[in-house]
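Let me begin by presenting the structure, written as structure tokens, before commenting on it.
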There are 2 protein chains.
Amino acid sequence: MRLSTRGYYGLKAMFDLAQNYGSHPITLKSVAERQRISESYLEQLMAMLRKTGLVKSFRGAQGGYILAREPARITAGDVVRALEGPIAPVYCVNEEEPRECDEVDYCITRTVWLRVRDGITGILDSINLADLCLEAEKVRQTGRGEHIKLNKY
Amino acid sequence: MRLSTRGYYGLKAMFDLAQNYGSHPITLKSVAERQRISESYLEQLMAMLRKTGLVKSFRGAQGGYILAREPARITAGDVVRALEGPIAPVYCVNEEEPRECDEVDYCITRTVWLRVRDGITGILDSINLADLCLEAEKVRQTGRGEHIKLNKY
DNA sequence: TTTTATCTTGAGTAAAATACTCGGTTTTAA
DNA sequence: TTAAAACCGAGTATTTTACTCAAGATAAAA
């Protein structure tokens, strides 16, 4: 039950762009450094994000990437779907093309995966990049203590 | 963001055993047939379920498997964890051994995965095999129609 | 006691996915 | 014109997945 590093790195990168939203384009290199992602690997991820319309790129000197729309209008779900495809804990409850099995109509265990999927999408779709920036702001102000208390690890 | 077929098949198999709870041991072969799982593959899964104490086995003729405790006391989470290990959408929020990164204290994207993880575990841990049997009973009585209406696919 | 049904174990494997790397090309601001 | 960037395609080592198979151990039934 794991995400690949694509979604993991991808969200970090998008969060990085969100924190720089409104200024000049941000170079891939600087994102890679700040977020500790391999530069060449990040290239691939950015290509995917660009193709799905989540970021815009500017080539040439002084070029780089910016978010294609306001941080508040990009959700974690958008990012994960762009990089990992439709969310589906198992094939038969794929968001886009649920792979049919013969028993779809009455398969009981399927309802479990359906609930899991809806749980995941509900959470991912409810978090946008602006939220994350706000949270980051809060952490910066109050120090790290509170944040640690909130989350077990 | 996908489960492997282990969790998928495994829950089917456990549900099958739950529906036969209280009677004689159920052979792996019959479970495999009903649930359309490869017999030799299911062998492996049952071995894992046995080692984690979710099923008991009886060897020899008339042997087979039974649930190690009442269906109501086995959750979908138990099954998934037995077959796929601790639930962790990304390593840094692994249920058991969160793999540390240098930024644990203040990493913001991490809070996303934490929420996703807790969403998943919350759902999986809230569903037990007795629930599923009840639901199956309901479907058998009312026919399939209602069930289809409830779930989009 | 022999047969047969069943679980048990360990090894092997083909295919896919993952997580990258690398070298070269194109574009554009300075 | 030059240097800084994005862009592109190919390649690859490693890991995971989803199995298969064969031989052994055990116990009930004949």
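Values below: all heavy atoms of this structure, side chains included; hydrogens, waters and symmetry mates excluded. Below, read A as the first sequence line, B as the second, and so on, with proteins coming before strands; counting in each chain starts at 1.
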Polar side-chain contact B:E43-C:dC7 base: donor and acceptor under 3.5 Å: no
Nucleotide nearest A:S57 when distance is taken to its side chain, options D:dA22, D:dC7, C:dT6: D:dC7
Please enumerate all protein N or O atoms sitting under 3.5 Å from an N or O of nucleotides 11-16 of chain C, with distances to 0.1 Å.
residue: C:dA11; atom: N6; partner: B:Q44; partner atom: NE2; Å: 3.4

Cationic N near anionic O, under 4.0 Å, B:E137 to B:R140: yes
Between side-chain atoms of residues 23-36 of chain B and protein atoms elsewhere (two or more places apart, or another chain), which donor-acceptor pairs fall under 3.5 Å?
residue: B:S23; atom: OG; partner: B:N20; partner atom: O; Å: 2.9
residue: B:T27; atom: OG1; partner: B:S30; partner atom: N; Å: 3.2
residue: B:T27; atom: OG1; partner: B:S30; partner atom: OG; Å: 3.3
residue: B:S30; atom: OG; partner: B:T27; partner atom: O; Å: 2.9
residue: B:S30; atom: OG; partner: B:R34; partner atom: NH2; Å: 3.3
residue: B:R34; atom: NE; partner: B:D16; partner atom: OD1; Å: 3.3
residue: B:R34; atom: NE; partner: B:D16; partner atom: OD2; Å: 2.8
residue: B:R34; atom: NH2; partner: B:D16; partner atom: OD1; Å: 2.7
residue: B:Q35; atom: NE2; partner: B:D16; partner atom: OD2; Å: 2.7
residue: B:R36; atom: NH1; partner: A:D102; partner atom: OD2; Å: 2.4

Whole-Å gap separating P (D:dA4) and CD (A:E39): 13 Å
Donor-acceptor side-chain pairing of A:S4 and A:E84 below 3.5 angstrom: yes
Nearest-Å distance for atom pair CG/C1', residues A:L42 and D:dC8: 15 Å
Upstream residue (5' side of DNA chain C) when B:K51 and A:E84 are each assigned their closest nucleotide: B:K51
Note, A:V139 side chain near B:I108 side chain (heavy atom, < 4.5 Å): yes
Among A:R69, A:R81, A:M48, A:M46, side-chain contact (heavy atoms from CB on, under 4.5 Å) partner for A:L54: A:R69
Value in whole Å for how far the P atom of C:dG10 lies from CE of B:M48: 14 Å
Note, A:I127 side chain near A:L132 side chain (heavy atom, < 4.5 Å): yes
Close side-chain approach of A:W113 and B:L11, heavy atoms under 4.5 Å: yes
Whole angstrom value for the distance that separates P of D:dT16 from CG of B:L83: 17 Å
Contact pattern, 5' to 3', of nucleotides 25-30 of chain C - B, S or - by protein heavy atom under 4.0 Å: -BBBB-
Side chain of A:T5 - closest among C:dA19, C:dT21, D:dA6: C:dA19
Evaluation steps, side chain to side chain contact (heavy atoms under 4.5 Å, CB included), between A:Y65 and A:L49: CA-CA 10 Å; A:Y65 295 90; A:L49 293 167; over 6 Å; no
Side-chain N or O of B:S38 closer than 4.0 Å to phosphate OP1/OP2 of D:dT20: yes
Nucleotide nearest A:R6 (side chain, heavy atoms from C-beta), chosen from C:dT18, C:dA19, C:dC7: C:dT18
Of the listed nucleotides D:dA18, C:dA19, C:dC7, the one nearest the side chain of B:Y65: C:dC7
Distance below 4.0 Å between A:R50 side-chain N/O and D:dC8 OP1 or OP2: yes
Given C:dC20, D:dA5, D:dC19, the nucleotide with the shortest approach to the side chain of B:Y9: D:dC19
Residue pair B:Y91 / A:Y8, side-chain heavy-atom distance below 4.5 Å: no
Closest listed nucleotide, where the reference is the side chain of B:S4 and the choices are D:dT20, D:dA18, D:dA6: D:dA18
A:H24 NE2 to D:dA6 P, straight-line distance once rounded to whole Å: 13 Å
